[in-house]
Amino acid sequence: MVAHPKKSTYRSSASLILAAKEDSNKDYDYSLLLIKRTESTSYTINHCVFPGGVFDPRDDESSEWLNYFRSFGVTAEQLKVLTQDQQSPRPQFLSGGQHFSRDIALRLTALREAFEEVGILICLNRDCLNNWDDTAKTPAPRTLTLDPISDRSEWQSRVHNDASQFLELCKHFNVIPNLWALHEWSVWRTAATANRKYDTVYYVATLDNHAKNVSLLLEPQEVASAHWMSPKEAWSRSQDGSIWLPFMLLYDTARLMNFHSCQELADFSRHRSTWGGTMVQPVYYRCDECMFGVLPGDELYPSDPGACTQTIILPESLQDQHRTAKRYNRYIIYDFHKVVLASNVPPIDGHLQLQPLVNTKLAKL
């Protein structure tokens, strides 16, 4: 009797799309922070990604966080702001939670990873919290970034080696992570064909600082380099081969390209987050010319994407497939740097469509 391998489980994770101001005479008055992974990382080797990492259930969901929030003066109502009802059904990994909502725990994951990977601590002191009038529906309390802080390298190393040290870091500097500055942007599940599988929520946070004034400290084991660039520049550099963006991030970058102003991005992200996020899992097809990933709404998208553990082979040519497609939402991969996005289906969860300059009609290919 042949023993079948156990089905790989999906690990929960969170990433932070961090925007900082740039000179307003450019196409975009803000830049996004992208980090290049080192060759020693276990996932997305040499890719440029947004800072983020895996949820730690022991420390990101520790009751000690709840005790610390209460001692700091955070009210139950202020925490409830982070767990508002949303119009889209919540993916399972975003639901529940031991001592507080998983939404809160994953925000802690994203902020912990931002400090661990690039040395940015996005936080609040007591004055910022006390001056926040949450009853007036003020979007979020004012954000501080303690960069650089004394002994930052030592603290970064401690947090990297032990996630519980993130709480100790906040206690040491008498701050709390600014959970309210993060707004849910998208939720992705890696394809069922992948060896390493993740459920990832992406949050958007905008800083008042100019990118050039944000002090970064790169964690040497995981981060080879860091780059501030506009969404358009990130797209262009990925296409010309100077950086390597994962395909799901290319798709999100094409949505971010719609926002030329940091304030527009902040306002849209805040309002859109009330919709929540439908988990999106690509399914891969292959024909003679290339491979392509289909997304929800595409006429080739299956009812059970998780069951597609092998790439699906199409008998027809890519040109024939394009000629007959009526509803499509996909990215077409000719090689790692030549990727075409194409979508003619209405966006879900209150999102905007892909930026028109990079959204191709299949009939033109």
Side-chain angles (χ1 to χ4, degrees), residues 15 17 32 34 43-44 46-50 185-194 196-200 202 229 231-258 277-302 305-306 308-314 316-349 351-365:
S15 289
I17 303 172
L32 305 173
L34 287 162
Y43 188 66
T44 60
N46 290 328
H47 282 67
C48 277
V49 297
F50 299 117
W185 176 262
S186 61
V187 185
W188 290 89
R189 166 170 276 191
T190 49
T193 53
R196 294 180 180 271
K197 295 179 171 64
Y198 298 91
D199 291 334
T200 305
Y202 286 87
M229 59 185 79
K232 182 178 179 180
E233 184 183 3
W235 171 271
S236 299
R237 292 185 61 182
S238 180
Q239 296 295 79
D240 70 21
S242 56
I243 66 171
W244 186 5
L245 286 179
F247 306 129
M248 292 178 285
L249 264 59
L250 267 180
Y251 195 93
D252 265 340
T253 298
R255 295 197 282 201
L256 290 161
M257 286 174 67
N258 286 297
T278 301
M279 182 181 285
V280 176
Q281 182 175 29
V283 172
Y284 286 104
Y285 288 78
R286 180 176 289 282
C287 57
D288 289 342
E289 294 92 337
C290 66
M291 183 169 73
F292 58 96
V294 301
L295 305 172
D298 194 294
E299 60 193 37
L300 292 180
Y301 197 73
C308 300
T309 57
Q310 301 291 327
T311 300
I312 302 168
I313 307 299
L314 291 176
E316 69 263 40
S317 69
L318 183 66
Q319 188 175 24
D320 288 341
Q321 215 293 314
H322 287 171
R323 189 182 300 115
T324 59
K326 298 294 189 295
R327 298 187 327 277
Y328 49 86
N329 185 25
R330 59 186 67 170
Y331 47 88
I332 303 151
I333 308 158
Y334 295 95
D335 60 44
F336 285 119
H337 296 296
K338 185 182 179 184
V339 181
V340 173
L341 302 185
S343 178
N344 68 352
V345 301
I348 59 175
D349 302 329
H351 264 294
L352 295 182
Q353 184 57 279
L354 304 174
Q355 211 279 341
L357 290 176
V358 297
N359 188 6
T360 305
K361 293 183 178 180
L362 289 187
K364 292 185 177 180
L365 291 176

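In this text, all values refer to a predicted model and were calculated from it rather than measured experimentally. In this chain, residues are counted from 1 in sequence order.
Here the side chains of Pro282 and Val294 are not in contact, with every heavy-atom distance at 4.5 Å or above. Side chains of Tyr301 and Gln281 form a contact here, defined as non-hydrogen atoms less than 4.5 Å apart. Residues Arg196 and Thr190 have side chains not in contact (no heavy-atom distance under 4.5 Å, counting atoms from C-beta outward). Between Thr200 and Met248 there is no side-chain heavy-atom pair separated by less than 4.5 Å. A 4.5 Å side-chain heavy-atom check between Cys287 and Glu316 finds every atom pair outside the cut-off. Side-chain contact check for Leu32 versus Pro231: some heavy-atom pair is nearer than 4.5 Å. Between Tyr251 and Val280 there is no side-chain heavy-atom pair separated by less than 4.5 Å. Side-chain contact check for Tyr334 versus Leu318: some heavy-atom pair is nearer than 4.5 Å.
Shown here for Pro302 and Cys308, the closest heavy-atom pair between the two residues is CG-SG, 3.7 Å. In plain terms, the two heavy atoms of Leu250 and Ser238 that are nearest each other are CD2-OG, 3.8 Å. Between Asp335 and Lys338, the shortest heavy-atom distance links the atoms OD1-N, 2.7 Å. In terms of heavy atoms, Cys290 sits closest to Ile332 at SG-CG2, 3.6 Å. Contact between Ala192 and Gly306 at its shortest, heavy atoms only, is CB-O, 3.5 Å.
Listed for the Gln353 side chain is a donor-acceptor partner under 3.5 Å among the backbone atoms of Val345. A side-chain donor-acceptor contact under 3.5 Å links His351 to the backbone of Trp185. Side chain of Asn258 to backbone of Arg255: a donor-acceptor contact under 3.5 angstrom is found. Not a single donor-acceptor pair under 3.5 Å links the side chain of Asn344 to the backbone N or O of Lys361. No donor-acceptor pair under 3.5 Å is formed between the side chain of His47 and the backbone N or O of Leu245. Between the side chain of Asn329 and the backbone N or O of Asp298, no donor-acceptor pair lies under 3.5 Å.
Atom CD1 in Ile17 sits 7.0 Å away from atom CG in Leu249 (nearest 0.5 Å). Separating the CH2 atom in Trp235 from the OG1 atom in Thr253 is a distance of 8.5 Å, to the nearest 0.5 Å. Between Ile312 atom CD1 and Tyr284 atom OH the span is 12.5 Å, to the nearest 0.5 Å. Gln321 CD to Arg330 CZ: the interatomic distance, rounded to the nearest 0.5 Å, is 4.5 Å. We find the CG-OG1 distance between Leu295 and Thr278 to be 12.5 Å, quoted to the nearest 0.5 Å. Going from atom CE of Met291 over to atom OG1 of Thr193 covers 7.5 Å, rounded to the nearest 0.5 Å.
Residues satisfying the side chain to side chain donor-acceptor pair (under 3.5 Å) criterion with Trp188, sequence neighbours excluded, are Ser186, Asp252. In this structure, the salt bridge (Lys or Arg N to Asp or Glu O under 4.0 Å) partners of Arg323, at least two apart in sequence or on a different chain, are Asp320. Take Asp349 and apply the salt bridge (Lys or Arg N to Asp or Glu O under 4.0 Å) test, not counting sequence neighbours, and it matches no residue.
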Exercise for the section: Show the numbers, then the answer: is there a side chain to side chain contact (heavy atoms under 4.5 Å, CB included) between Ile333 and Phe292? Expected result: CA-CA 5 Å; Ile333 308 158; Phe292 58 96; 5.7 Å; no

Practice task
Apply side chain to side chain contact (heavy atoms under 4.5 Å, CB included) to the pair His337 and Trp244, showing each step before the final yes or no.
Solution key: CA-CA 7 Å; His337 296 296; Trp244 186 5; 3.9 Å; yes

Exercise for the section: Assess whether side chain to side chain contact (heavy atoms under 4.5 Å, CB included) is satisfied between Gln239 and Val358, documenting all intermediate values. Expected result: CA-CA 11 Å; Gln239 296 295 79; Val358 297; over 6 Å; no

